Each structure stands twice: as structure tokens, then as C-alpha cells.
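Here the structure is laid out as C-alpha cells; the discussion comes afterwards.
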Amino acid sequence: MPAPVCPIDLPAPETLARTLADRLPAFQDIAWTRSTGSTNADLLARARSGAGAGKPWLLGTHLQETGRGRAGRPWQNRSGSTLMFSCAFDVHLPATQLAALSPLAGVAACEALRTVAGPEPRGLCMKWPNDVQWHDAKLAGILVETTRNPGGRDAGYTVVIGMGVNLIDAAELSLALGREVADWTQVQAGAAHAAAAADLVCASATAWHEAVRTLEREGFGVFRQRFDQVDALAGRKVNVLDKGAILLSGTACGVDDQGRLLVQTPEGATPISVGEISIRRQA
């Protein structure tokens, strides 16, 4: 029987911030707080004000009091149970390409977490548009938001990517939510060396930074093969839902060059856009 895995210990906020600053030299501003409303909201407000150093920025917290998930759903946590942080990047993309940032963030985060995972990294996968899963249980949620930079059209946008990784409490969360939830102790079971909080943050932040720059240069098409390597829905029957109502059913078959999920139906492959539906596997 494998030895129990010790959960990740979150260092004091100021200690973690110093460690991250040493390991992420490309980031112009790094901070970690004991508590805040929402790290995404804080970085968006800062971007809209036009204040602060050049990007990228990183902001993490031990406790989020008004966290949000996709579609504005409330998201709660307790201190030490979840690793929560957001990164802000300048992007220069047409507005029509901004939706691709959501699956892009999920692909990059999943790849990054695999680099610091235990002996079965492929158990980490991504359910479109960007939920990181451990097998079929949700491990981490990602929220991607954008705002236009002050200074007019040529100033581009700020994209804020926020992620919360469950460190502990999988059993309690699964029971409370009525669905499978995973935590990092399950991922690290059997690992020779346990990852530290800074390892998860640095891997993800670096991966997002590189992915955003690649998207600007080459578009989302270059990520389609990478998406296939982490796709939790590939070849599986899915229902496409809108406010609880089934819009269509079919087989998930990857993404297109805009990052839209493709669902194969008798009428052909139908592209599904981020933000208008949710995906549930058929029973």
C-alpha cells in the first residue's frame, strides 16, 4: 500500500512571493497576499487604471473571498486548501481571436502541471474549454478574462488567466458538490519527490507566457496537436448544454483553428464556442 502523500504546505505570502520573483525573471511584478476578493478582479482593475509596471504580472493569494468561475459562478475556498493565482499579459490580437485564449490557457496549464506531476502524468488531462482534470475528476479551474488597455485600439488587450488548484479535500468536495473532484495529493501519490507550491506556480506561469506569445505569432492552429495530447473528451459522447437544456449530442473530436470544440453529429462536425455552452459527458 503506498505511503500517504503530505499535502503541499503554502509558505508565508512574502516568502512565496520572493521565491517566485527569483524564479520568474520575465515577470515585472509578483505579489502574494493572505487574502483578497479575487486575484483576477484585482489584476483587471489594475490594467484598466493604466497603473503599475510593465507586464507580465502575477498575483496569488492564500484566500479568495469573492472568487468567480466561468459564467460568473461563485467560487469558494479555505486558506491552505487551494493554490490560487492569476497572471496578466499584454496581447495584441484581433477581438475575434480572444476566445482562443480560454482553451489555450487550459492546454498550457495541463502541460505544465504534467512536468511536476507524479509517475502517471498522463492522468492529467483537460476538459474543454479549460478544466484541468485528474482522470475524470476536476483538479483545477481556470478563468480567462480580457480588458482593452487604456490608450486606444493600438494599445491591445490585457488577458488575465487565473487558476485554482485543489491541494487537499477531494473527498469532502466530491461529497458536497455531488461530482468527482480531485486534489494534488492524488496526483503526487507514488512520486519520488513531492512538488512545492512554487513549482506549480512557476511551471504554469511560464507556460502561459510562452503560449500567449506563440498565439500572437502563429495563431491557435499550432496548438491543435497539443490539445489532442491532453484532450479528456476525445472520442467520447457529449451533450452540449445551454442553461441546462441539451442543444445537441454527438462525439467530441478535437478543436478547430479558433479553439472551438468540434462535436461530430450526423450532420457533420459542429463547432462550439467558448462562453455560450457547457459540456457534460453522456451517462
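Quantities reported herein were computed from a predicted structural model and do not represent experimental measurements.
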Donor-acceptor under 3.5 Å ([X] side chain, [Y] main chain):
X	Y	result
Asn166	Ala182	yes
Thr265	Glu267	yes
Gln28	Ala26	yes
Asn149	Ala155	yes
Ser102	Ala99	no
Asp22	Thr19	no

Shared hydrophobic cluster for [X] and [Y] (ILVMFWY, side-chain gaps under 4.5 Å):
X	Y	result
Val165	Val181	no
Leu262	Val230	no
Val222	Val159	yes
Leu173	Ile142	no

- prompt: Taking atom types as modelled, is there a side-chain donor on Ser38 or Asn40 under 3.5 Å from an acceptor on the other?
  reply: no
query: Will you find, in the side chains of Thr61 and Thr33, an N or O donor that is under 3.5 Å from an N or O acceptor?
result: yes
task: Determine the sole option in Leu98, Leu44, Ile161, Thr158 for which the side-chain contact (heavy atoms from CB on, under 4.5 Å) test with Glu145 is passed.
output: Leu44
query: Quick one: which of Leu101, Leu215, Thr214 gives a side-chain contact (heavy atoms from CB on, under 4.5 Å) with Phe220?
result: Leu215
Are the side chains of [X] and [Y] in touch, meaning some heavy atoms are under 4.5 Å apart?
X	Y	answer
Trp184	Val116	yes
Met163	Leu200	no
Pro271	Gln258	no
Thr251	Lys237	yes
Phe89	Phe27	yes

- request: Work out which heavy atom in Glu216 is nearest to a heavy atom in His92; give both atom names and the distance.
  value: OE2-N, 2.7 Å
task: Grab the two heavy atoms, one from Val132 and one from Ala109, that are nearest each other, plus how far apart they are.
output: CG2-CB, 4.4 Å
- request: Describe, in one word, how the ring planes of Trp32 and His62 are oriented to each other, choosing from parallel (under 30°), tilted (30 to 60°) and perpendicular (over 60°).
  value: perpendicular
task: Inspect the surroundings of CD in Glu14 and state if more than 12 heavy atoms from other residues, nucleotides or ligands are less than 6.0 Å away.
output: yes
- request: For the pair Asp231 and Arg224, evaluate salt bridge (charged side-chain N to carboxylate O under 4.0 Å, His left out) and give the outcome as yes or no after the intermediate values.
  value: CA-CA 10 Å; Asp231 185 7; Arg224 291 182 68 179; over 6 Å; no
message: Set out, in order, the CA-CA distance, both residues' side-chain angles and the distance that settles side chain to side chain contact (heavy atoms under 4.5 Å, CB included) for Asp183 and Leu167, then state yes or no.
response: CA-CA 5 Å; Asp183 65 38; Leu167 299 179; 5.9 Å; no
field: Interatomic spacing from CH2 in Trp208 to CG in Leu58 - rounded to 0.5 Å
entry: 8.5 Å
